[in-house]
Amino acid sequence: EFMYQQGENHMAANIQAPKGTKDILPKNSGTWQLVEDVMRDEASIHGFEEIRTPVFERTELFERSVGDTTDVVQKEMYTFLDKGNRSISLRPEGTAGVVRALLEHALINEGVPQKFYYLISCYRYENTQEGRQREFHQFGCEAFGAAAPVADAELIALAHGIFERLGIRNLSLEINSIGCPECRAKYHAALKAFLEASKSELCDTCLERLDKNPMRILDCKTPSCGEITQNAPVMKDYLCHECAEHFTAVQEYLDAAEIEYTVNPRIVRGLDYYTRTVFEFISNDLGAQSTVCGGGRYDGLVKQMGGAQTPALGFAMGMERLLLIMQAQGIQLPEPPVCELYIAPLGKQAQIKAFAFTNMLHQASIKAECDMCDRSLKAQMKYADKIGALFTLVLGDDELKHNQAELKNMKTGEKTSISLGDTFLTEFVAAATQAEDMMALNMDELSVDLESFKQFEKE
Ligand code: ATP
Ligand code: MG
């Protein structure tokens, strides 16, 4: 067999994924798909529809939306000139592209609210650690045209619903309000006055932020900045009447939905476009990278991007971090078998028959495989075992001669004789369906029921 050392360079080039990227291998992609299915389903239940936007956009789009005082734009973007001398950036997040598409296609004219979800890869040039990659994946939701506080709670409920359905425990939901441009201006002034005293101890980035966007300093990951802001004034005490009312209402709706949360005045989010409600889902199972989902309201962004004043809100969940939590909590999703029937042929004639049968099974959407490597019977059975085949069928000279073979149930060892003639498919499904009860197997796995097979054979 073909074996080579893991990581062996069998070409001159160095065969290694770029730093900060990870292959998602077949042994893991099943889990990714199951998690994504839950996300798609939950979003759909809440009336969100999928949107797909380009992996790259004009750099200016991110500078204008994410904001040029953010770490993301200042330090983390993958920016390059294309062959037409345009400045292009790989998307560091999903919201900017969605807002661009909303405006470009005037989707808001189709009625409000407009509700979108996406499953995307994102790119940020970061110091890589567990749960912090340069290519990573997000599930996100965005809603446009809903100003009422119930929309904030509904969006949080969607994210919460996904965690519940995945069986994730011990997440804390932390919420805050960062007000509107009016009340935040007063807060910024107070915060700036407070920070002025410790100016010399701030990191370089925060020193720049002090004038442009001092609230960002609360989000700084440099420990010394964290210490300085410990006793800083908080936005909560500066909210205007409308913003305070909105925040109280959001909490009432969360209470009504029995979603637990704590108000954390230090949650400010890493991106510039947020207003009023901001929230994070935080886990203890993630080490330093504790935020698995972050979001909030961004009522100013659409207008800032050239559209009409449009209330908006959204969140993004980090797929890698979510999967790390599931792993830490020992959560395993049931994966359907890769193979329902493995056919083991011995000899040329049998191989032709095996191929014809698997082809027929495939047309009926049944997962089936036959030998592709000219293996011995023993090696074939070992393979069938490895791929978790539910049933196997050996085809040798005798079986072909009598047009009859033994279907072996790999879980119970039980054997059933089935015909290799026209009724093969029906007999297989009948045997498999019967075994289903005995094995107490949930065979949604067997995708089609007996009746539809009879139908199929008549055609
Ligand atoms: P952090 O504070 O951890 O850097 P952030 O505020 O930059 O996060 P957002 O821009 O809000 O993160 O992105 C939403 C979610 O995407 C995060 O909560 C996290 O789960 C995930 N995420 C962000 N950056 C990365 C990354 N480099 N690698 C993996 N996941 C990430
Ligand atoms: Mg970040």
Side-chain angles (χ1 to χ4, degrees), residues 17-22 24 32 35 39 62 65-67 69-78 89-99 117-142 155-156 159-160 162-163 166 168 171-176 178 205-206 209 213 215-223 225-226 264 266-274 277-298 301 313-328:
K19 186 171 159 75
T21 68
K22 273 189 182 165
I24 299 162
W32 278 73
V35 170
M39 291 168 164
F62 300 116
S65 62
V66 178
T69 61
T70 57
D71 275 1
V72 170
V73 167
Q74 283 185 344
K75 309 181 197 162
E76 298 170 0
M77 276 212 298
Y78 278 88
S89 294
L90 302 185
R91 65 179 166 217
E93 53 95 65
T95 308
V98 173
V99 171
Y117 78 85
Y118 50 81
L119 277 156
I120 58 171
S121 58
C122 299
Y123 303 85
R124 297 185 192 178
Y125 194 81
E126 302 218 53
N127 290 325
T128 58
Q129 302 162 50
E130 180 96 315
R132 189 175 295 285
Q133 298 176 194
R134 293 184 175 173
E135 179 185 67
F136 63 100
H137 297 80
Q138 285 188 342
F139 165 74
C141 288
E142 317 285 348
L155 188 78
I156 292 171
H160 182 260
I162 288 169
F163 296 129
L166 292 173
I168 292 171
L171 280 189
S172 74
L173 165 62
E174 311 207 341
I175 64 170
N176 189 24
I178 55 170
T205 316
C206 285
R209 288 165 170 160
N213 193 352
M215 198 172 64
R216 295 246 45 71
I217 299 173
L218 297 183
D219 199 42
C220 182
K221 292 187 177 71
T222 313
C225 295
N264 178 353
R266 295 183 64 87
I267 300 279
V268 295
R269 306 296 307 125
L271 312 177
D272 274 357
Y273 48 59
Y274 289 104
T277 317
V278 289
F279 62 90
E280 290 186 4
F281 284 88
I282 294 171
S283 169
N284 290 326
D285 293 308
L286 280 175
Q289 273 54 257
S290 57
T291 305
V292 61
C293 173
R297 187 169 272 288
Y298 51 92
L301 182 63
L313 63 168
F315 69 74
M317 245 177 225
M319 293 293 293
E320 282 82 2
R321 291 189 196 174
L322 183 78
L323 288 158
L324 282 172
I325 298 174
M326 289 176 62
Q327 199 181 25

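Hydrogens, waters and symmetry mates are skipped; everything else that's a heavy atom, side chains included, is used. When a ligand or atom number is given, it counts from 1 through the structure's own listing order.
- Near Cys293, meaning under 4.0 Å from one of its heavy atoms, ligand 1 places the atoms 18 (O).
- Ile168 places a side-chain heavy atom less than 4.5 Å from the side chain of Leu322.
- Under the 3.5 Å distance criterion, with hydrogens and angles disregarded, no donor-acceptor pair is assigned to the side chains of Glu76 and Tyr125.
- Contacts with ligand 1 closer than 4.0 Å are made by no heavy atom of Glu320, backbone or side chain.
- Checked against a 3.5 angstrom limit, the closest N/O atoms of Val72 and ligand 1 fall outside it.
- In this structure the side chain of Arg134 reaches within 4.5 angstrom of the side chain of Tyr78, judged on heavy atoms.
- Set against the non-hydrogen atoms of Arg269, the atoms of ligand 1 under 4.0 Å away are 6 (O), 9 (P), 11 (O).
- Between the CZ atom of Arg209 and the OG1 atom of Thr70 there is a distance of 8.5 Å, given to the nearest 0.5 Å.
- Near Gly131, meaning under 4.0 Å from one of its heavy atoms, ligand 1 places the atoms 28 (N), 29 (C), 30 (N).
- For the side-chain contact (heavy atoms from CB on, under 4.5 Å) with Ile120, the qualifying choice from His137, Gln138, Met319 is Gln138, the only one to do so.
- In this structure, of Tyr125, Tyr123, Phe136, Phe139, the residue bringing a heavy atom nearest to atom 24 (N) of ligand 1 is Phe136.
- Between Glu280 and Asn264 the shortest side-chain heavy-atom distance does not fall below 4.5 Å.
- Each of the following atoms of ligand 1 lies closer than 4.0 Å to a heavy atom of Val292: 18 (O), 20 (O).
- The closest heavy-atom contact to atom 5 (P) of ligand 1, among the options Glu93, Arg124, Glu76, comes from Arg124.
- Using a 4.0 angstrom heavy-atom cutoff, Lys221 counts as in contact with ligand 1.
- In this structure, Gln138 is part of the shell of residues with a heavy atom less than 4.0 angstrom from ligand 1.
- Remark: Cys141 SG to Met317 CE distance equals 7.5 Å, nearest 0.5 Å.
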